[in-house]
Amino acid sequence: MKRILLGIIVVFSFTAISATAQTPSPSDIEQVILKSDVEFDVYFLASDEFLGRDTGTQELKIASSYIANRFQQYGMKSAPGLDGFYQHVPFRMNRTPETVQMSVLDSTFTMNRHLLSLSPFRGDKEAEVIVLEYASEDEIAEHDLQGKIVIAKAGLPGMESPQQLFQASPQKRTQVAEAGGLGLIELYENPQLPWQTLAGFLSRDQLSLDDNGEDESPSDEESIPHFWMNSTQGDITTFLNSIGGETVMLSVHGEESERFYSRNVVGIIEGSDPELKDEYVLLTAHYDHTGTTGDPSQEDTINNGARDNAVGTAGILAAAKYLSQNPPKRSVIVAAWTAEEKGLLGSGYYAENPPIPLSQTVYNLNIDGAGYNDTTKVTVIGLGRTEADEDLKASAEAFGLEAIPDPVPEQNLFNRSDNVHFARAGIPSPTYSMGLTAFDDEINQYYHRPTDEPETINYDYVTAYVRSFVMASFLVGNADTAYFWLPGDEYEQAGIELYNYEVSEY
């Protein structure tokens, strides 16, 4: 795939392309996408019987079957290498330990107050302690760690944010294990994320993608205990000076981690143009939600997730229906993601294991959001960043709505939904959200709450919004030239590399 990017000339070229793109009339879409169908999808997926569509539950599996059956009904094709319309995503649920303890000399340290466990290790380890500064790669190379437990500061020199400490931690554990170490204890102190807040986060079950095969034994770095230790309590310097060369006992006990699969649902509509059908537009929405509140004192404990994201799922089902009957020039991948609420995990797995190469995916139009507080608007998180702007605006206007850009850029919403995996790969990837103008009481009264029930939704507005998404999907797929990032976007260079574009300076 070749393309010449010519700075300002790009702006004029995409405007001309947009003007010549074939546009379905609003009445054409209205005849196919009925308000009753949109309402049915939202009521079904957000019903109490689905218990909030939590990842790993039978209820979410039933929801995936519902989506796959619709794909089958529309005559869509399955993607290469998948199990019909299912991409099976492997997960590991790391259960919170019941006890975490460290004993050395006459001191005993316990879970939450002093220690937090960062690895799925269960059992006991007893070994000699070696104290390093950071346990950096150079330090590890200079010391004999064979059969020893390492104590060092969290992170590496120069790291200040909690995110940096989290990112450095797994690699450090791997390096310690590869050097023969039997455990790693990192001393944690960071005012940006106080210990009590950190403990509240890490003292919950943690879901992650599982890269190990089902029958494989745990990797070396998983087989050693790895703790963060609260270094703000007591005289840590005196403590470290006293324990070098002493024997320490580490104990972690509780339920073992659990491996399971959940499903992305993926269907394909073949494009109508013999030359452009090898390019794909990716339409996406997550169909999972957050499950229940876990608070038995509440009268209603089910987070139904009507706005987030039963509406979005209804949107991609509507697009699947219309585009199956009216395919654009390009082929279309319609994907419903699992585990968005657990950290964008389902879409992340697809991005790493795409059945269609990402270099053939020229645009991703994602549909997600916290809700709406303006029924005259469509909020496009990413408006002003890709060449599709005019088509996105026109699609909203066709149904009496106004497309507006992100009203709260400080919230970094563009990078907080499934689209970010594809944007980072270089694919233009805005999110087409309902009318959000601020995170106000109207949004917060429903967001991730049991109040987000299907009967609280304005279906006249939501149907217009869904129809506008369908039109936008068609126009993006039917453009004469694939839309790209606007010049200077933070993901423009990734796109240039992904599509092997040639760049000439204006």
Side-chain angles (χ1 to χ4, degrees), residues 52-58 60-61 88-102 109-125 149 154-155 162-163 165-178 181-186 188 193 195-230 250-264 288-292 294 337-349 352-353:
R53 306 190 307 279
D54 203 1
T55 301
T57 63
Q58 183 67 18
L60 191 69
K61 187 174 183 180
H88 298 286
V89 183
F91 291 100
R92 185 170 295 276
M93 179 65 77
N94 294 314
R95 302 294 183 185
T96 302
E98 295 174 9
T99 60
V100 177
Q101 186 170 294
M102 180 179 80
F109 303 89
T110 56
M111 187 170 76
N112 291 343
R113 182 181 179 187
H114 307 106
L115 304 170
L116 296 168
S117 178
L118 274 70
S119 75
F121 170 86
R122 295 292 184 271
D124 301 301
K125 290 284 185 180
I149 291 171
Q163 290 84 356
L165 303 186
F166 273 109
Q167 291 167 1
S169 212
Q171 183 178 3
K172 188 185 294 189
R173 181 172 70 235
T174 298
Q175 292 170 344
V176 167
E178 290 176 347
L182 298 183
L184 173 63
I185 300 165
E186 294 187 89
Y188 179 89
L193 185 62
W195 180 262
Q196 282 306 114
T197 305
L198 178 70
F201 173 71
L202 291 180
S203 296
R204 301 195 299 260
D205 294 346
Q206 302 292 323
L207 184 67
S208 61
L209 292 173
D210 188 358
D211 295 330
N212 287 337
E214 187 167 11
D215 297 325
E216 293 181 13
S217 58
S219 59
D220 289 341
E221 64 269 20
E222 289 181 330
S223 66
I224 69 169
H226 180 189
F227 299 168
W228 273 0
M229 184 175 185
N230 184 0
L250 306 182
S251 299
V252 185
H253 295 283
E255 190 176 351
E256 297 284 345
S257 63
E258 173 190 358
R259 192 175 199 268
F260 67 92
Y261 287 90
S262 186
R263 305 194 289 207
N264 290 329
D288 69 305
H289 195 56
T290 60
T292 60
W337 306 130
T338 185
E340 188 271 352
E341 301 289 2
K342 305 299 184 183
L344 318 180
L345 298 180
S347 56
Y349 183 82
E352 292 296 325
N353 303 274

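Note that this is a predicted model, so its numbers are computed, not measured.
- At a cut-off of 3.5 Å, with distance as the only test, no side-chain donor of Asn264 or Thr338 sits close to an acceptor on the other residue.
- Of the possible donor and acceptor atoms, one in the side chain of Thr96 sits under 3.5 Å from a partner among the backbone N and O of Asp205.
- The neighbour count for Lys125 NZ, taken as heavy atoms of other residues, nucleotides or ligands under 6.0 Å away, is above 12.
- Between Ser119 and Ile224, the closest side-chain pair of non-hydrogen atoms is not below 4.5 Å.
- Contact of the Met229 side chain with the Met102 side chain is registered, since non-hydrogen atoms from C-beta on lie closer than 4.5 Å.
- Residue Glu255 comes nearest to Arg122 through the heavy atom pair O-NE, 3.2 Å, listed as atom of the first residue, atom of the second, then distance.
- Pairing each heavy atom of Leu182 with each of Pro225, the nearest pair is O-CD, 3.1 Å.
- Nearest heavy atom pair, residue Leu118 against residue Ser169, reads CD2-OG, 3.6 Å.
- Interatomic distance, Tyr261 OH to Asp210 CG, rounded to the nearest 0.5 Å: 8.0 Å.
- Side-chain atoms of Leu250 and Ile185, non-hydrogen and from C-beta on, do get closer than 4.5 Å to each other.
- A side-chain donor-acceptor contact under 3.5 Å links Arg204 to the backbone of Gly200.
- The shortest heavy-atom contact between Lys342 and Leu207 is CG-CD2, 3.5 Å.
- Residues Glu186 and His226 have side chains that bring a donor and an acceptor to within less than 3.5 angstrom of each other.
- Phe227 has its side chain out of reach of Phe121: every pair of non-hydrogen atoms, C-beta onward, lies at least 4.5 Å apart.
- In this structure, CD in Gln196 is found 10.5 Å from CZ in Arg113, a value given to the nearest 0.5 Å.
- Every ring pair (Phe, Tyr, Trp, His ring centres under 6.0 Å) that Phe260 has, sequence neighbours left out, goes to Phe91.
- Minimum heavy-atom separation, Ala168 to Gly155: CB-CA, 4.3 Å.
- Judged purely by atom type and a 3.5 angstrom limit, Gln206 uses its side chain to pair as donor or acceptor with the backbone of Phe201.
- Trp195 places a side-chain N or O within 3.5 Å of a backbone atom of Asn112 that can act as its donor or acceptor partner.
- Between Arg263 and Leu60, every side-chain heavy-atom pair lies at or beyond the 4.5 Å cut-off.
- In this structure, CZ in Arg173 is found 9.5 Å from OG in Ser223, a value given to the nearest 0.5 Å.
- Interatomic distance, CG of Leu202 versus CE of Met111, reported as 11.5 Å (0.5 Å rounding).
- Rounded to the nearest 0.5 Å, atoms CG (Leu184) and CD1 (Ile149) are 10.0 Å apart.
- Judged by distance alone, the side chain of Asp288 and the main-chain N or O of Asp54 form no donor-acceptor pair under 3.5 Å.
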Could you please spell out the steps behind the side-chain contact (heavy atoms from CB on, under 4.5 Å) verdict for Leu209 and Val89? CA-CA 8 Å; Leu209 292 173; Val89 183; 3.5 Å; yes
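- In this structure a side-chain-to-backbone donor-acceptor pair under 3.5 Å is missing from Ser251 to Thr99.
- With contacts defined as side-chain heavy-atom distances shorter than 4.5 Å, the pair Arg259/Pro90 qualifies.
- Atom NZ of Lys172 is separated from atom CD of Gln167 by 13.5 Å, given to the nearest 0.5 angstrom.
- The side-chain hydrogen bond (donor to acceptor under 3.5 Å, both in side chains) test applied to Thr292 returns no partner, not counting sequence neighbours.
- Counting heavy atoms from C-beta on, the side chains of Leu193 and Tyr188 come closer than 4.5 Å.
- Scanning all heavy atoms of the two residues, the minimum distance from Ala199 to Ser203 falls at O-OG, 2.6 Å.
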